[in-house]
Q: 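What follows is a structure written as structure tokens; I'll ask about it next.
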Amino acid sequence: MFQATPPRAIAFFDVDNTLMRGASLYHLGVAAWRGGIITRRDITSFGWKQARFLAVGENRDHLSTVLLRALEVAVGFEQAELIRLSEEIFDTKLTRRLWPETVAVARRHLENSHEVWLLTASVQQVADVIAERLGFTGALGTVLEADDGIFTGRLTAGVCHGALKSEAARARAAASGVDLADCWAYSDSHNDIPLLDLVGHPVVVNPDAALARYAAARDWPVMRMKRASIRRAARANRVGTSKKR
């Protein structure tokens, strides 16, 4: 019986501040506010947390607060509507905030026949859309419980964060028949140290202070990008679009 050759490796990518600048949940919140799903007070809180996230990195307490509030407002909300919102924010917001360097690295992994999986605390539907739009293998995110396509306001297995990320990576590698020693992981946050320690090829991306110290002590490779690269990519895209017309 024919069996497909298993991928040589998996590359796991965090999303917020690794694949893109800022927090994807913030932009989902903006779309929800414009649709009348959440209040101005909610979006002001999300905005403050986004600003702090950009300045000093991921904070577990703030992330939990945002996700808990998201669960509250998700009660009775349809999965199909969340997918629609996720597609809208990717096409109008997230695509302009992608780090071109990180996306290029992910695409090189694909060219080398590696699987590329997003591994993120963000909501599964948002992660799925990003992975699909970028042509990646798939995404592992925080799964909101749903009953007959309607969100219940509960999580199925906790927030995909910290140790749960490493568990998800271990399960994915086992399902793909890949040795974790041959896998890669990319992240900006010290909260992802369990994931980075798990794989044979950890790479830190614009690391927060704690992760920078941890990575330096282990001589891990570091990717550092500046906002100028996003602006250059946007200009190049505009020029390319205008030439096609």
Side-chain angles (χ1 to χ4, degrees), residues 7 10-32 35 37 46 58 63 66-67 69-71 73-99 102-103 105-107 109-110 114-162 164-176 178 183-189 192 195:
I10 297 176
F12 297 103
F13 285 81
D14 177 43
V15 172
D16 297 342
N17 268 0
T18 299
L19 187 70
M20 58 165 280
R21 182 175 183 270
S24 52
L25 275 175
Y26 165 74
H27 297 285
L28 181 63
V30 171
I37 299 167
F46 288 170
E58 185 177 87
L63 175 64
V66 171
L67 285 170
R69 180 60 184 138
L71 287 173
V73 301
V75 176
F77 200 60
E78 294 183 359
Q79 285 180 310
E81 180 62 11
L82 180 55
I83 294 171
R84 186 196 68 76
L85 279 177
S86 299
E87 292 171 341
E88 175 187 318
I89 66 164
F90 182 87
D91 295 338
T92 62
K93 300 294 182 183
L94 303 190
T95 189
R96 297 182 293 174
R97 302 183 70 85
L98 295 169
W99 290 114
T102 316
V103 173
V105 168
R107 287 178 173 155
H109 277 292
L110 291 170
H114 299 169
E115 291 186 5
V116 173
W117 286 83
L118 300 183
L119 190 49
T120 174
S122 194
V123 177
Q124 183 68 51
Q125 283 77 7
V126 177
D128 283 340
V129 167
I130 297 172
E132 180 182 0
R133 288 289 202 266
L134 294 177
F136 295 167
T137 311
L140 303 167
T142 298
V143 180
L144 309 184
E145 183 185 83
D147 182 11
D148 197 25
I150 305 296
F151 292 116
T152 65
R154 294 185 294 270
L155 298 176
T156 62
V159 178
C160 188
H161 190 258
L164 286 182
K165 272 194 181 182
S166 62
E167 291 177 16
R170 191 185 299 276
R172 183 63 261 168
S176 295
V178 174
C183 291
W184 302 70
Y186 299 80
S187 178
D188 69 294
S189 173
D192 285 341
L195 169 65

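Only this structure's heavy atoms are used, side chains among them; waters, hydrogens and symmetry mates stay out.
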Q: Apply side chain to side chain contact (heavy atoms under 4.5 Å, CB included) to residues Phe13 and Thr102 and explain how you reach the verdict.
A: CA-CA 9 Å; Phe13 285 81; Thr102 316; 3.7 Å; yes
Q: Could you tell me which non-hydrogen atom of Leu98 sits nearest to which non-hydrogen atom of Leu134, and how far apart they are?
A: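 Minimum heavy-atom separation between Leu98 and Leu134: CD1-CD2, 3.9 Å.
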Q: Got a sec, which residues hit side chain to side chain contact (heavy atoms under 4.5 Å, CB included) with Ala174, two or more places apart in sequence or on another chain?
A: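 Counting only residues at least two positions away or on another chain, Ala174 forms no side chain to side chain contact (heavy atoms under 4.5 Å, CB included).
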Q: Starting at CZ of Arg21, measure out to CG of Asp188 and round the result to the nearest 0.5 Å.
A: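 Those atoms lie 12.0 Å apart.
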Q: Distance-only, no hydrogens or angles: does the Lys165 side chain make a donor-acceptor pair with backbone N or O of Asp192 under 3.5 Å?
A: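 A pair under 3.5 Å: no.
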Q: Check step by step if side-chain hydrogen bond (donor to acceptor under 3.5 Å, both in side chains) holds for Arg170 and Ser166.
A: CA-CA 6 Å; Arg170 191 185 299 276; Ser166 62; 5.9 Å; no
Q: Given side chain to side chain contact (heavy atoms under 4.5 Å, CB included), test Thr142 with Thr156 step by step and report yes or no.
A: CA-CA 8 Å; Thr142 298; Thr156 62; over 6 Å; no
Q: Looking only at heavy atoms, what is the nearest atom pair of Ala185 and Leu195, with distance?
A: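 Minimum heavy-atom contact is CB-CG, 3.9 Å.
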Q: Taking Val116's backbone N and O only, do any of them form a donor-acceptor pair with Thr137's side chain (distance below 3.5 Å, no angle check)?
A: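 Such a contact is found between Thr137 side chain and Val116 backbone.
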Q: Measure from the side-chain N and O atoms of Arg96 to the backbone N and O of Thr92, and report whether any donor-acceptor pair falls under 3.5 Å.
A: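 Flag set: sc Arg96 to bb Thr92 pair under 3.5 Å.
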Q: What's the verdict on side chain to side chain contact (heavy atoms under 4.5 Å, CB included) for Leu140 and Trp117, showing C-alpha distance, side-chain angles and the deciding distance?
A: CA-CA 7 Å; Leu140 303 167; Trp117 286 83; 3.9 Å; yes
Q: Is a side-chain N or O of Thr95 found less than 3.5 angstrom from the main chain of Asp91, in a donor-acceptor match?
A: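 No, Thr95 side chain to Asp91 backbone: no donor-acceptor pair under 3.5 Å.
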Q: To the nearest 0.5 Å, how far apart are CD in Gln125 and CZ in Arg84?
A: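 Gln125 atom CD to Arg84 atom CZ measures 13.5 Å (nearest 0.5 Å).
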Q: Are any side-chain N or O atoms of Gln124 and backbone N or O atoms of Ala139, one a donor and one an acceptor, separated by less than 3.5 Å?
A: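 Looks like yes, one N/O pair under 3.5 Å.
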Q: Please enumerate all residues that pass ring-ring contact (aromatic ring centres under 6.0 Å, His included) together with Phe12, with sequence neighbours excluded.
A: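 ring-ring contact (aromatic ring centres under 6.0 Å, His included) list for Phe12, sorted by chain: empty.
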Q: Would you compute the distance between atom CG of Leu144 and atom OG1 of Thr152 and round it to the nearest 0.5 angstrom?
A: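 Reported to 0.5 Å precision, the distance equals 8.0 Å.
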Q: Other residues, nucleotides and ligands only: do more than 12 of their heavy atoms fall within 6.0 Å of CZ on Arg133?
A: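 It does: Arg133 CZ has more than 12 such atoms within range.
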Q: Applying the side-chain contact (heavy atoms from CB on, under 4.5 Å) criterion to Leu118, which one of Asp128, Thr18, Ile130 satisfies it?
A: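 Among Asp128, Thr18, Ile130, the one meeting side-chain contact (heavy atoms from CB on, under 4.5 Å) with Leu118 is Ile130.
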Q: When rounded to the nearest 0.5 angstrom, what is the spacing between CD in Glu145 and CD1 in Ile150?
A: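 Spacing of CD (Glu145) from CD1 (Ile150) equals 12.5 Å.
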Q: Quick one: pull up CG in Asp14 and OG in Ser122 and give me the separation to the nearest 0.5 Å.
A: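 One gets 10.0 Å once the value is rounded to the nearest 0.5 Å.
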Q: Please report the shortest heavy-atom distance between Leu119 and Ala169, naming the atom on each side.
A: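 Closest approach of Leu119 to Ala169, heavy atoms only: CD2-CB, 3.9 Å.
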Q: Any chance you could lay out the side chain to side chain contact (heavy atoms under 4.5 Å, CB included) test for Glu115 and Arg172, step after step, and finish with the verdict?
A: CA-CA 10 Å; Glu115 291 186 5; Arg172 183 63 261 168; 4.3 Å; yes
Q: Between Thr120 and Gly141 (side chain of the first, backbone of the second, donor and acceptor by atom type, cut-off under 3.5 Å), is there such a pair?
A: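 No; judged by distance alone, with no hydrogens or angles, the pair does not exist.
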Q: Treating Arg97 as the side-chain partner and Met20 as the backbone partner, does any N or O pair qualify as donor plus acceptor under 3.5 Å?
A: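 No: the side chain of Arg97 does not pair with the backbone of Met20.
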Q: Using 0.5 Å steps for rounding, measure from the CG atom of Leu85 to the CZ atom of Phe90.
A: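 Answer for the CG-CZ pair, Leu85 versus Phe90, is 15.5 Å.
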Q: For Tyr186 and His109, take the angle between the two ring planes, folded into 0 to 90°, and tell me which bin it lands in: parallel under 30, tilted 30 to 60, perpendicular over 60.
A: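 Because their plane-to-plane angle is over 60°, the rings of Tyr186 and His109 count as perpendicular.
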